[in-house]
K.L.:
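A single structure is presented below for examination.
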Amino acid sequence: MHRTLADDLSRLPELLSSARDLAVQELAGLADRPVVQLDKAPVPEALPGAGAGGEAALARFAERWAPGFSGSAGPRYLGFVTGGATPASVAGDWLTGAYDQNGSGAAGSWATALERETVGWLRELFGLGEAHSGAFVTGATTSNTVGLAIAREWLGERLGVSVSRDGAAALGPVDVLSGSPHSSIGKALSVLGIGRDRLRSVPVLAGNREAVDVAALDRALSELDGRPAIVVANAGTVNTVDFDDLRAIAALKERHDFWLHVDAAFGGFAALSPSHAALVDGLDAADSVCVDLHKWLNVPYDAAVQFTRRRDLQVAVFHNASPYLGLPVGEPDFVHLTPENSRRLRALPAWFSLVAYGRQGHREIVERNVALARDLGERVAALDGLRLLAPVRLNVVCFTLAEEPTPPTRERVAALAHALAETGEVFVTPTVYDGTPGLRAAFSNWRTSAEDVDRIIGAVARVL
């Protein structure tokens, strides 16, 4: 029987109630479902001709696809840096879809005003000042890209050209310096026409560190003979959550001409904890900042924020010159600040979570995750057959097989990761740290508890 949109509209309360019931069922069992699904996915079916209706679609999804979805929103998914979704942010996300606001501009809706309020709260949360303006984007990769696009325009300003009008070629070769940059930096440089190979690696500190050697950075900048450059500092590296000395790097501006972009995708949340806030001291001195919210803020994908001191240059890069959109005057609409024209109201789930749990609630998540990571690190180090690759500095445990006299192979480490995934208890991701293949367990989910660490270490011990 063919179902129409009118049929679904007449039964909308029942459809939403059924969807709510499925969501409640899935979330209630999240802690015990397999963390990843390794079985083969169903073979694609032909596009339906006649519509079955929303309730039939929901039933088909629940039967055919839902069993294969991972438990990535759950407490023992420690791969990448993956948060979950707080209850309030889930509610906000559902309402985002229901209201379906286009957050590109302020005309006819308060949606953009809500985003501005949320950005202001986040700016305060991360210790940034009024000089920084911000906007929501999809994730850390886009946030880094936006920050570096503004940096590219700043380089043009310094060299007397307009990159937004003349193109990146007008700059000539660009120097981008960093100690332990995330892979998204190279991707951003490729997208922006600067080039991946323009990213220059600066030596890091000795002693099992990933933080840049500021003296070496000083020397590298001196070698540019006064040419303006971009420095990408890291507030929380992927492998070991090491932090560059942001205050010392910013002080180099007294002698060198550079744009300071800080990738604080998840490390920026150290600002929430008095015990760790010193790690991001100097963040306010950055010209642009990346923070990813679907990591440690625990809001649904996708959500990040970018900040900059030079909104005028941001408008120069991203403004959309069209009569029906209006000119970017006064307080520019978001259509003039990010790569998107139409954009989802990503701020609403974050707004809900910040109102529901406040600074203290999100501080508790951060501090609990850090404590659990340290507990896991101590227990991993105590296991025969494993060793830590670096100290547990914040929320990531980086470890490998304790094989002597040669380091473990990538294949052996990958086999360990696969064996752990097969248990259904925990998921971790592979890495290479200082030339040694290893695994990394990243804690950023609000649900993770001491009981989960017990289950994780139990699974690790069983597969060794």
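Heavy atoms only: backbone and side chains are in, while hydrogens, waters and symmetry mates are out.
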K.L.:
Can any side-chain N or O of Asn234 pair as donor or acceptor with the backbone N or O of Gly236 at less than 3.5 Å?
P.N.:
no
K.L.:
Would you say His319's side chain and Val315's backbone share a donor-acceptor pair under 3.5 angstrom?
P.N.:
yes
K.L.:
For the residue pair Ser89 and Thr86, confirm or rule out a side-chain donor-acceptor distance under 3.5 Å.
P.N.:
yes
K.L.:
Taking side chain as C-beta onward, heavy atoms only, is Arg387 less than 4.5 Å from Thr436?
P.N.:
yes
K.L.:
Indicate whether any N or O donor in one side chain lies under 3.5 Å from an N or O acceptor in the other, for Thr308 and Gln314.
P.N.:
no
K.L.:
Salt bridge or not between Glu223 and Arg219? Use side-chain N to carboxylate O under 4.0 Å.
P.N.:
no
K.L.:
For Ala88, is there any backbone N or O sitting under 3.5 Å from a side-chain donor or acceptor partner on Tyr357?
P.N.:
yes
K.L.:
Can you find a heavy atom in the side chain of Arg198 that is under 4.5 Å from one in the side chain of Pro173?
P.N.:
yes
K.L.:
Measure from the side-chain N and O atoms of Asp244 to the backbone N and O of Leu246, and report whether any donor-acceptor pair falls under 3.5 Å.
P.N.:
no
K.L.:
Between Arg311 and Glu331, is the closest basic N to carboxylate O distance under 4.0 Å?
P.N.:
yes
K.L.:
Once the angle between the rings of Trp154 and Trp259 is folded into 0 to 90°, is it parallel (under 30°), tilted (30 to 60°) or perpendicular (over 60°)?
P.N.:
tilted
K.L.:
Among side-chain atoms of Ser180 and Glu210, is any donor-acceptor pair under 3.5 angstrom?
P.N.:
no
K.L.:
Any side-chain to backbone donor/acceptor pair from Asn445 onto Arg447? Under 3.5 Å, distance only.
P.N.:
yes
K.L.:
Show your working on salt bridge (charged side-chain N to carboxylate O under 4.0 Å, His left out) between Asp32 and Arg455 and close with a plain yes or no.
P.N.:
CA-CA 11 Å; Asp32 294 313; Arg455 292 176 64 170; 3.2 Å; yes
K.L.:
Only one of Asp263, Asp292, Asn144 forms a side chain to side chain donor-acceptor pair (under 3.5 Å) with Ser184, so which one is it?
P.N.:
Asn144
K.L.:
Considering only heavy atoms from C-beta outward, does the side chain of Phe318 approach that of Val146 to under 4.5 Å?
P.N.:
yes
K.L.:
Salt bridge (charged side-chain N to carboxylate O under 4.0 Å, His left out) for Arg33 and Glu26? Distances and angles first, verdict last.
P.N.:
CA-CA 9 Å; Arg33 73 179 300 159; Glu26 295 292 270; 3.0 Å; yes
K.L.:
Donor-acceptor pair, distance only, cut-off 3.5 Å: does the side chain of Thr112 make one with the backbone of Gly103?
P.N.:
no
K.L.:
Do Arg440 and Thr429 have a side chain donor and acceptor closer than 3.5 Å?
P.N.:
yes
K.L.:
Does any N or O in the side chain of His276 come within less than 3.5 Å of the main-chain N or O of Ala270, such that one atom is a donor and the other an acceptor?
P.N.:
no
K.L.:
With a 4.5 Å heavy-atom cut-off, do Val202 and Val231 have their side chains touching?
P.N.:
no
K.L.:
Roughly how far apart are Leu337 CG and Ile150 CD1, rounded to 0.5 Å?
P.N.:
8.5 Å
K.L.:
Side chains of Leu38 and His418, heavy atoms from C-beta outward: is any pair under 4.5 Å?
P.N.:
yes
K.L.:
Are any of the side-chain nitrogens in Asp284 or Arg123 under 4.0 Å away from the carboxylate oxygens of its partner?
P.N.:
no
K.L.:
Between Val396 and Phe443, is any pair of side-chain heavy atoms under 4.5 Å apart?
P.N.:
no
K.L.:
Would you say Leu205 and Val212 make side-chain contact, with heavy atoms under 4.5 Å?
P.N.:
no
K.L.:
Taking only residues two or more places apart in sequence, or in another chain, which ones meet Asp213 in a salt bridge (charged side-chain N to carboxylate O under 4.0 Å, His left out)?
P.N.:
none
K.L.:
Under a 4.0 Å N-O cut-off, is there an ion pair linking Glu153 with Arg310?
P.N.:
no
K.L.:
Hey, is the main chain of Thr141 close enough, under 3.5 Å, to the side chain of Thr145 for a donor-acceptor pair?
P.N.:
yes
K.L.:
Under a 3.5 Å cutoff, is there a donor and acceptor pairing between the side chains of Asp218 and His256?
P.N.:
yes
K.L.:
List in chain and number order the residues that pass ring-ring contact (aromatic ring centres under 6.0 Å, His included) with His261, two or more places apart in sequence or in another chain; answer none if no residue qualifies.
P.N.:
none
K.L.:
If you compare all heavy atoms of Gly92 against all heavy atoms of Leu348, which two are closest, and at what distance to 0.1 Å?
P.N.:
O-CD2, 3.6 Å
K.L.:
Within the 3.5 Å criterion, strictly below it, is a donor on Asn369 or Trp296 matched to an acceptor on the partner's side chain?
P.N.:
yes
K.L.:
Looking at Arg344 and Asp302, is there a salt bridge between them, counting it only when a charged N and a carboxylate O are closer than 4.0 Å?
P.N.:
no
K.L.:
Any carboxylate oxygen within less than 4.0 angstrom of a Lys/Arg side-chain nitrogen, looking at Arg158 and Asp257?
P.N.:
yes
K.L.:
Using the ring-ring contact (aromatic ring centres under 6.0 Å, His included) definition, which of the options Trp121, Phe266, Phe269 pairs with Phe126?
P.N.:
Phe269
K.L.:
Between Arg346 and Glu115, does the salt bridge (charged side-chain N to carboxylate O under 4.0 Å, His left out) criterion hold? Intermediate values first, please.
P.N.:
CA-CA 8 Å; Arg346 298 182 185 93; Glu115 179 167 343; over 6 Å; no
K.L.:
Checking the side chain of Arg76 only, and the main-chain atoms of Glu425 only, is there a donor and an acceptor separated by less than 3.5 Å?
P.N.:
yes
K.L.:
Does Ser143 form a side-chain contact (heavy atoms from CB on, under 4.5 Å) with Val137? I'd like the steps, not just the answer.
P.N.:
CA-CA 6 Å; Ser143 182; Val137 291; 3.9 Å; yes
K.L.:
Do Arg393 and Thr240 have side-chain N/O donor and acceptor atoms under 3.5 Å apart?
P.N.:
yes
K.L.:
Roughly how far, to the nearest 0.5 Å, is CG of Leu376 from CG of Leu78?
P.N.:
7.5 Å
K.L.:
Answer yes or no: is there a donor N or O on one side and an acceptor on the other, between the side chain of Arg368 and the main chain of Trp446, under 3.5 Å?
P.N.:
yes
K.L.:
Any side-chain heavy atom of Phe136 sitting closer than 4.5 Å to one from Leu122?
P.N.:
yes
K.L.:
Does this structure show an ion pair linking Asp242 with Arg209, if we count only N-O contacts that are shorter than 4.0 Å?
P.N.:
yes
K.L.:
Distance to the ring centre below 6.0 angstrom and angle to the axis at most 45 degrees; does that hold for Arg343 and Phe334?
P.N.:
yes
K.L.:
Can you tell me how far the SG atom of Cys398 sits from the CG atom of Leu388, to the nearest 0.5 Å?
P.N.:
8.5 Å
K.L.:
Whether the Asp93 and Thr96 side chains hold a donor-acceptor pair (N or O, under 3.5 Å, no angle test) is what I'd like checked.
P.N.:
no
K.L.:
Measuring from Arg20:CZ to Trp94:CH2, what's the distance to the nearest 0.5 Å?
P.N.:
8.0 Å
